[in-house]
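All remarks here apply to the structure that follows.
Please read all numbers here as calculations on a predicted model, not as lab measurements. The figures that follow rest on heavy atoms only: side chains count, while hydrogens, waters and symmetry mates do not.
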Amino acid sequence: MKIEGTHELRAKRERVYQVLIDPEVLKRCIPGCERLENTGENTYSATLRAGVGSIKGVFTGNVRLEDLRPPEHYRLVVDGKGQPGFLKGSGDLELEDSGDATIIKYSGEVQVGGTIASVGQRMIQGAAKMMASQFFTAIEAEAKTAVGAPPPKHGFFRTALRWFSGWLRRTFRR
């Protein structure tokens, strides 16, 4: 299954790249992430609570960052399994300058199997887009925080409010 999209973040590209490769930031921003531990150079062990529709569960797996070209690109390779099934995939993130903003283009391939695959590709793609939107909204909040300052608070309602205010800005800017 192919997953792709674009997000605009109101922060400089160098800062966005910096937070996108920081494991502590990723742990705070990835929806459902319970654990993200460094196991080697650019390699992490992760535990994620996620689901699609009525099928939910805990996944454990590995995440690897490859082809790092700061501040414009990296490749993410993931594999995980849990009671509801398994997933394997990889994706590329491209960061482009756009004035005081950064455009992130992502594309990847994901394979899912087990019970979670039974909900269908359209539901899985919808859930993936929603999680990506939550993730990039949280990343934008992190990137706008000054280096060394306390991290912003995250959570469903804060992220939803940030997303909604960004949606309003984009809608009325056109």
Side-chain angles (χ1 to χ4, degrees), residues 1-33 36 41-44 46 48 50 52 59 61-80 87-112 116-117 120-147 151-152 154 156 158-174:
M1 170 177 38
K2 193 158 187 65
I3 297 175
E4 57 188 5
T6 304
H7 284 271
E8 179 178 341
L9 281 65
R10 292 178 306 134
K12 290 287 191 183
R13 181 171 72 162
E14 290 76 14
R15 178 69 177 138
V16 171
Y17 191 89
Q18 192 178 43
V19 299
L20 278 171
I21 62 170
D22 183 330
E24 288 302 314
V25 172
L26 292 175
K27 182 178 176 186
R28 289 191 298 267
C29 294
I30 296 171
C33 186
L36 188 65
E41 185 177 353
N42 299 321
T43 306
Y44 305 93
L48 182 75
V52 178
F59 292 86
N62 299 300
V63 178
R64 193 172 65 250
L65 305 180
E66 298 178 343
D67 194 20
L68 281 81
R69 289 179 287 176
E72 62 191 43
H73 171 88
Y74 75 85
R75 181 173 189 76
L76 185 69
V77 179
V78 298
D79 70 85
L87 69 93
K88 287 183 179 186
S90 64
D92 293 294
L93 283 93
E94 302 287 339
L95 286 73
E96 298 176 3
D97 271 326
S98 179
D100 286 340
T102 302
I103 306 292
I104 298 180
K105 295 178 183 175
Y106 65 92
S107 63
E109 290 282 332
V110 178
Q111 299 171 349
V112 292
I116 200 159
Q121 182 174 337
R122 288 173 64 126
M123 272 191 82
I124 293 171
Q125 283 181 321
K129 282 211 176 270
M130 182 186 70
M131 286 180 71
S133 182
Q134 291 172 351
F135 172 74
F136 287 120
T137 299
I139 286 291
E140 180 178 46
E142 292 277 349
K144 290 166 67 175
T145 302
V147 177
H154 298 290
F156 177 77
R158 281 190 169 102
T159 300
L161 185 58
R162 287 179 188 133
W163 176 86
F164 184 66
S165 67
W167 178 81
L168 286 173
R169 255 191 330 276
R170 289 186 302 274
T171 300
F172 290 110
R173 184 175 48 187
R174 293 179 190 148

Residue pair Q111 / L87, side-chain heavy-atom distance below 4.5 Å: no
Pair F59-I116, side chain to side chain contact (heavy atoms under 4.5 Å, CB included): steps then yes or no: CA-CA 11 Å; F59 292 86; I116 200 159; 3.9 Å; yes
Intermediate values then yes/no, side chain to side chain contact (heavy atoms under 4.5 Å, CB included), V147 and R15: CA-CA 9 Å; V147 177; R15 178 69 177 138; 3.7 Å; yes
Test log, rule salt bridge (Lys or Arg N to Asp or Glu O under 4.0 Å), inputs R10 and E8: CA-CA 7 Å; R10 292 178 306 134; E8 179 178 341; over 6 Å; no
Salt bridge (Lys or Arg N to Asp or Glu O under 4.0 Å) partners for D22, two or more places apart: none
Value rounded to 0.5 Å, distance of CE in M131 from CD1 in I30: 8.0 Å
Short side-chain to backbone donor-acceptor contact, Y17 and H73, under 3.5 Å: yes
K88 atom NZ, neighbour heavy-atom count above 12 within 6.0 Å: no
L36 to P23 - nearest heavy-atom pair and separation: CD2-O, 3.5 Å
N42 and L68, any side-chain heavy atoms less than 4.5 Å apart: yes
Note, Y74 side chain near D67 side chain (heavy atom, < 4.5 Å): no
Backbone of E41 reached by a side-chain donor or acceptor of T43 within 3.5 Å: yes
Test item: I3 and K129 side chains (from C-beta on) under 4.5 Å apart, heavy atoms: no
pair T137-I139: side-chain heavy atoms closer than 4.5 Å: no
Sub-4.5 Å side-chain heavy-atom contact between V25 and R28: yes
Between E142 and H154: side-chain donor-acceptor atoms closer than 3.5 Å: yes
For V63 against A46, the heavy-atom pair lying closest together: CG2-CB, 4.3 Å
Using a 3.5 Å cut-off and no angle test, enumerate the donor-acceptor pairs between side-chain atoms of residues 101-109 and protein atoms at least two apart in sequence or in another chain.
{"from": "T102", "atom 1": "OG1", "to": "A11", "atom 2": "O", "distance (Å)": "2.6"}
{"from": "T102", "atom 1": "OG1", "to": "R13", "atom 2": "N", "distance (Å)": "3.0"}
{"from": "K105", "atom 1": "NZ", "to": "E96", "atom 2": "OE2", "distance (Å)": "3.2"}

Considering all heavy atoms, the nearest P31-L48 contact: O-CD1, 3.1 Å
Any side-chain donor near an acceptor of the partner, R122 and Q125, under 3.5 Å: no
Side chain proximity check, F135 to L26, heavy atoms < 4.5 angstrom: yes
Student check: side-chain heavy atoms of D100 and K12 closer than 4.5 Å: yes
Qualifying salt bridge (charged side-chain N to carboxylate O under 4.0 Å, His left out) pairs, either residue in residues 70-80, two or more places apart: R75-D92
From L65, V78, N62, residue fulfilling side chain to side chain contact (heavy atoms under 4.5 Å, CB included) relative to Y44: L65
